[in-house]
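Because the structure is predicted, anything quoted here is derived from the model rather than measured. The chains referred to below are lettered A, B, ... by the order of the sequence lines, with proteins before strands, and numbering in each begins at 1. We use all heavy atoms of the structure for the numbers below, so side chains are in, but hydrogens, waters and symmetry mates are not.
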2 protein chains.
Amino acid sequence: MGIETLNTEEITIKDIAKVCGVGVSTVSRAINNHPDISPKTKQKIADAIEEYGYIPNNSARNLRRIDGKCIAVVVKGVSNPLFADAVQIMEEEIKKRKYSMVIRYVNFDEQEVDVAIELAKEKKLAGVVFLGGYFVREKKKLQKLRIPFVLSTAGANVDNISAEEYSVFCVDDEKEGYRMTDYLIRLGHKKIAVLSGMPDDASIGKLRLKGYKRALKEHGIAVDEDLILHMKRDIRFYSMENGYQMTQELLTGRKEFTCIFAFSDAMAIGACRAIADAGKKVPDDYSVAGFDGIEMGDYYNPQLTTIKQPIHEIAMESVTMLFEILDKKSENVRRIFSCELLERESTRHRKVL
Amino acid sequence: MGIETLNTEEITIKDIAKVCGVGVSTVSRAINNHPDISPKTKQKIADAIEEYGYIPNNSARNLRRIDGKCIAVVVKGVSNPLFADAVQIMEEEIKKRKYSMVIRYVNFDEQEVDVAIELAKEKKLAGVVFLGGYFVREKKKLQKLRIPFVLSTAGANVDNISAEEYSVFCVDDEKEGYRMTDYLIRLGHKKIAVLSGMPDDASIGKLRLKGYKRALKEHGIAVDEDLILHMKRDIRFYSMENGYQMTQELLTGRKEFTCIFAFSDAMAIGACRAIADAGKKVPDDYSVAGFDGIEMGDYYNPQLTTIKQPIHEIAMESVTMLFEILDKKSENVRRIFSCELLERESTRHRKVL
DNA sequence: ATTGTTTTCTGAAACGTTTCCGGTAACGTT
DNA sequence: AACGTTACCGGAAACGTTTCAGAAAACAAT
């Protein structure tokens, strides 16, 4: 059915134009929902596109377009299950708006902003979502990134990320760190070890730690720096493996502790494994608490006590807001999401001696 | 240092050419390691590129290039931890060869081949890796995909994927299904429930099931179809949730069983959770075995007995071979990788009544 | 009929590369 | 000195699309 005289290898916008008896620019306008077009021709073009299975070449589009319809998601930390969820949601939202998404994972020692700048050069991006990055002393670089961006699950109260300068979507890490520590103390724990971030962590890890210390202080418990472990640089950060190693150190050390507060669920799981390998039990011998609220926490044995971040909402809001900024419908905003403390099996009242 | 008279917004190949006093095509040749160029000018150009931080625009390259230096990875099944590992390795290998990678996840009800074809239209791909797909009755479509491709972790013995027609990298699912079942039987289990694939599964699930049945038969155990569960369509397949649901059905049903063989580690973990929620214990009350050998299996409580797929090698080989095919250095090959049965805590000898 | 206004469309110029084809320079050989 | 060969290089044409400036058509108002 229809005109079958097209035997070209790949069918282009020109073919569609020819078939419809219109100019190439008309087809373009039809595709991109530009105003200056009659419903009739628009329909005709739509039909032809359907019939011939035409798909616009993305490279050509992005090359010419004034605003590349592509947004980049730069994720700090590969294979973080929390982010995996977020990325998925973002992808859906981005696709829904007919944008394409490019994702890049960066290690702890890479500068996410640099990565974004490079990406912008080679791709022509409309905007960037930074997921889980650290943005201390990055102001200048962020300015070099001329396109709109949002900071998602970035530390909320870090010195340099202030006020309405940027769009930030995250939880109050200090408060949540406090909340969990307070909970653990109320369970009777006094010697609470912490599996925290990088030694020179300047973002979420630092904030959660601040909350931890505040809680101890408020309860009149001295902070013991020996109980604050920092993760190893050479291992994937916030990973099970990292948690495992730190916990092993803890267990073989001479410092007493009854409880571990890990700054990610993955590390908490690593901790549980290390404890089990040492012939001990969670929560009988040690209580273990995590942070994030990943799906695995539900399934793990014991079920993980944790701070559940509303990652779905954070992801959703982040891209929604990015698009509003792109549409000039909105200014920068900062939204702090509150978390939920899930009391589950991995923590319990401290055993009385 | 250097000529600082370039105040253009974005610096292009023309700028580099101008700065170096050479033609644009010379710069292009220098970048792409084409032969006709003297070491001296090549160096000069390299220096200029370095100095000005020039990054070629990818859209323009892909538009013009005869062979798009991009390979697509089409993954059947989102958020499968096994594939996450594989994807990461592939990305490294692809980047190492100066190619870019585009990844697309497809659901069970989407045709991965169609997705690849569409992708090829909009991107100009050099090749495709299909990860974990099903390729029954897809011969014709695969031919429409004019570019080279490899099938990674696709069912090895499926009827239609025969001989040297395609490049296939996978494990022998029938054999491994047999191996695990045989092991479980030797532990004394006779009533082994199976958490298998989709009802109309035509690939790995079907093959593993075949191995399962063969093992039973060889041991003189009758196959009980009621113990063969198929996963739900409306839930992410091979997921913890799916395993959980199936196990719940099993537990609330009236069929007796002493052991569960799940066709993925994730489903096995779901099974463990369901058993725990029912107040039972693994492996005391039920043995549970998985398939895949994901990292989580090491950390889970109990540690999962499973069939460990050499996913790193599979991923590595898959892209290595794809590149060899691209370079015309190699014909299609089929490599079957053998797995390792990890005997761990989630299985044990059947309790005597 | 003329003019103005709005709607719809078109041709051509970009976008930044790669690739083709041919040209010049350098060198060796007679 | 003339020629052939090789090694480098440059100009310009693509690639397939969007965008821009303005043309044509359609309609309305005088």
Side-chain angles (χ1 to χ4, degrees), chain A residues 6 8-45 48-49 52-70 98-100 120-126, chain B residues 6 8-45 48-49 52-70 98-100 120-126:
Chain A
L6 250 38
T8 60
E9 203 48 80
E10 282 306 336
I11 122 152
T12 77
I13 197 174
K14 278 179 202 158
D15 301 318
I16 298 295
K18 206 180 298 172
V19 160
C20 293
V22 301
V24 133
S25 49
T26 304
V27 178
S28 175
R29 255 173 308 114
I31 292 169
N32 297 294
N33 287 318
H34 283 233
D36 282 4
I37 195 161
S38 77
K40 199 167 47 179
T41 47
K42 192 165 179 175
Q43 186 56 49
K44 187 166 59 179
I45 289 166
I49 286 173
Y52 291 92
Y54 163 68
I55 296 181
N57 178 301
N58 237 315
S59 299
R61 308 185 89 164
N62 285 330
L63 181 57
R64 191 52 177 83
R65 266 206 250 261
I66 206 77
D67 57 330
K69 292 217 178 304
C70 175
K98 302 284 183 198
Y99 276 59
S100 67
K121 281 188 192 168
E122 70 181 57
K123 305 277 293 194
K124 186 170 325 179
L125 302 171
Chain B
L6 251 39
T8 58
E9 203 48 80
E10 282 306 337
I11 123 152
T12 76
I13 197 174
K14 279 178 200 157
D15 300 318
I16 297 295
K18 205 179 297 169
V19 160
C20 293
V22 301
V24 139
S25 49
T26 304
V27 178
S28 175
R29 267 191 319 251
I31 293 170
N32 297 294
N33 286 318
H34 283 235
D36 282 4
I37 196 161
S38 78
K40 199 167 47 177
T41 46
K42 193 165 178 175
Q43 185 56 50
K44 186 166 62 180
I45 289 167
I49 286 173
Y52 290 92
Y54 163 66
I55 295 180
N57 178 301
N58 236 317
S59 298
R61 307 185 87 163
N62 285 330
L63 180 57
R64 191 67 227 317
R65 266 206 251 260
I66 206 75
D67 57 331
K69 292 217 179 303
C70 174
K98 303 284 184 196
Y99 276 59
S100 67
K121 281 189 194 167
E122 70 181 56
K123 305 277 291 196
K124 188 170 324 183
L125 302 171

- [ ] For the pair A:I16 and A:I49, evaluate side chain to side chain contact (heavy atoms under 4.5 Å, CB included) and give the outcome as yes or no after the intermediate values.
- [x] CA-CA 7 Å; A:I16 298 295; A:I49 286 173; 4.1 Å; yes

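Taking atom NZ on B:K44 and atom C1' on D:dC9, their separation rounds to 11 Å, with Å as the unit. Taking atom NZ on B:K18 and atom P on D:dG10, their separation rounds to 15 Å, with Å as the unit. Following rounding to the nearest Å, B:K121 (NZ) and D:dG16 (P) show an atom-to-atom distance of 14 Å. Distance, A:I13 CD1 to D:dC15 C1': 14 Å, rounded to whole Å. The separation between A:K124 atom NZ and D:dT18 atom P is 12 Å, rounded to whole Å. The CG-P distance, from A:N58 to D:dC15, rounds to 18 Å in whole Å. Atom CD1 of B:I66 and atom P of C:dC20 are 6 Å apart (whole Å). Going from atom CD1 of B:I11 over to atom C1' of C:dT17 covers 14 Å, rounded to whole Å.
Between B:S28 and the phosphate of C:dT18, there is a side-chain N or O to OP1/OP2 separation shorter than 4.0 Å. OP1 or OP2 of D:dT19 lies within a sub-4.0 Å distance of a side-chain N or O belonging to A:H34. At C:dC9, one or more side-chain N or O atoms of A:T41 fall inside 4.0 Å of OP1 or OP2 (strictly under the cut-off). When the side-chain nitrogen and oxygen atoms of B:T26 are compared with OP1 and OP2 of D:dC8, none of them lie within a distance under 4.0 Å. Listed pair B:R61 / C:dT18 meets the phosphate criterion, a side-chain N or O lying under 4.0 Å from OP1 or OP2.
Residue-level contact check: B:G21 touches the backbone only, with heavy atoms under 4.0 Å from sugar-phosphate atoms and none from bases. Within the 4.0 angstrom heavy-atom criterion, base atoms lie near A:D36. Residue contacts shown for B:N32 are limited to sugar-phosphate atoms, with no base heavy atom under 4.0 Å away. In this structure, A:V22 reaches the sugar-phosphate backbone alone: every heavy-atom distance under 4.0 Å involves primed, P, OP1 or OP2 atoms, never a base.
Residues B:S25 and B:S59 both approach DNA chain C. Their nearest nucleotides, taken by heavy-atom distance, put B:S59 toward the 5′ side.
Considering only side-chain atoms of A:R29, the nucleotide from D:dC15, C:dT10, D:dG10 that sits closest is C:dT10.
In terms of polar N and O atoms assigned as donor or acceptor, the side chain of B:R64 never comes within less than 3.5 Å of the base of D:dG16 in a complementary pairing.
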